[in-house]
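I have placed the structure first, in the form of structure tokens, so that the comments after it can refer back to it.
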Amino acid sequence: MKLLPNSELYDTGYCALFVRGISPTDILSQISGDEYRPVLVDRMEAEAIKMAGEDLEEEDVPELDIDELRSSGMICADGPLLRAGTHDDWCFVIESEGPYLAKKEIIQSVSRGTGCSLGPEK
């Protein structure tokens with residue numbers, strides 16, 4: 001029995017964060033502690049970037065500018081590949097494989113100032 005419709009796409013699961021009233025660029029900066037310049041990619045392009053990593057070539061993502069991807073920090077082996085977007089006044093961040101977004105310190109960072117609480121900090 002399949003519980004999730006995307007279980008064949010994401011063997012190890014995926015994480016998503018939803019925050020109201022913040023831009024995708026701002027939430028990515030809060031998560032990482034760095035300034036980011038967003039690059040518009042679709043899910044297939046993001047997966048190609050993730051699979052190839054620093055060995056990404058122009059033919060892997062023909063619609064994208066490789067130099068722009070490098071300067072934006074998307075081609076980097078140092079951490080997870082996160083995608084962010086919006087719907088109405090909600091922002092979402094998706095990590096297609098892995099538990100990085102589920103870390104308590106990440107959730108605390110993005111919820112700071114929103115009125116949400118994970119309970120007392122230790």
Side-chain angles (χ1 to χ4, degrees):
M1 178 174 164
K2 293 182 183 178
L3 297 176
L4 298 172
N6 290 334
S7 62
E8 291 178 15
L9 293 174
Y10 305 113
D11 292 334
T12 60
Y14 56 94
C15 288
L17 286 177
F18 299 90
V19 182
R20 185 177 243 161
I22 187 171
S23 74
T25 303
D26 289 342
I27 197 170
L28 290 173
S29 294
Q30 281 186 290
I31 290 169
S32 71
D34 293 326
E35 292 282 327
Y36 277 97
R37 190 176 71 253
V39 175
L40 186 61
V41 298
D42 63 27
R43 185 178 80 192
M44 297 309 289
E45 291 166 337
E47 293 301 324
I49 292 166
K50 182 177 177 172
M51 294 295 286
E54 293 178 350
D55 296 327
L56 187 73
E57 297 181 10
E58 288 185 26
E59 56 267 9
D60 296 326
V61 285
E63 302 296 318
L64 300 175
D65 181 328
I66 297 289
D67 292 331
E68 181 182 21
L69 292 173
R70 280 197 176 86
S71 67
S72 73
M74 286 194 72
I75 303 175
C76 177
D78 293 343
L81 178 62
L82 305 177
R83 293 184 304 132
T86 60
H87 179 74
D88 292 333
D89 65 340
W90 285 90
C91 176
F92 59 86
V93 181
I94 299 170
E95 176 186 14
S96 60
E97 291 186 34
Y100 180 77
L101 288 176
K103 291 181 178 180
K104 187 174 181 176
E105 55 271 8
I106 298 294
I107 296 170
Q108 287 173 331
S109 172
V110 299
S111 63
R112 195 168 290 123
T114 65
C116 295
S117 174
L118 295 175
E121 292 186 31
K122 296 181 180 182

So, the side chain of D65 versus the backbone of D67: is there a donor-acceptor pair under 3.5 Å, distance only? yes
To the nearest 0.5 Å, tell me how far Q30 CD sits from T25 OG1. 11.5 Å
Checking side chain to side chain contact (heavy atoms under 4.5 Å, CB included) for the pair V41/V61: CA distance, chi angles, key distance, verdict? CA-CA 10 Å; V41 298; V61 285; over 6 Å; no
Same cluster (ILVMFWY, side-chain, under 4.5 Å), L69 and M51: no
Output for pair (M44 CE, E63 CD), nearest 0.5 Å, gives 14.0 Å
Using a cut-off of 6.0 Å, state whether more than 12 heavy atoms not belonging to E59 lie near its atom CD. yes
dist L64:CG -> D42:CG (nearest 0.5 Å) comes out at 7.5 Å
Measure the NZ-CD distance between K50 and E95 for me, rounded to the nearest 0.5 Å. 7.0 Å
Could you tell me whether the side chain of L17 reaches within less than 4.5 Å of the side chain of I31, counting heavy atoms only? yes
Can you name the closest pair of heavy atoms from I22 and C91 and give their distance? O-CB, 3.2 Å
Find the distance between CD (E58) and CD1 (I66) and round it off to the nearest 0.5 Å. 6.0 Å
For I94 and L101 the tightest heavy-atom approach is C-CD1, 4.0 Å
Taking the side chain as every heavy atom from C-beta outward, state whether S23 and T86 have any atom pair closer than 4.5 Å. no
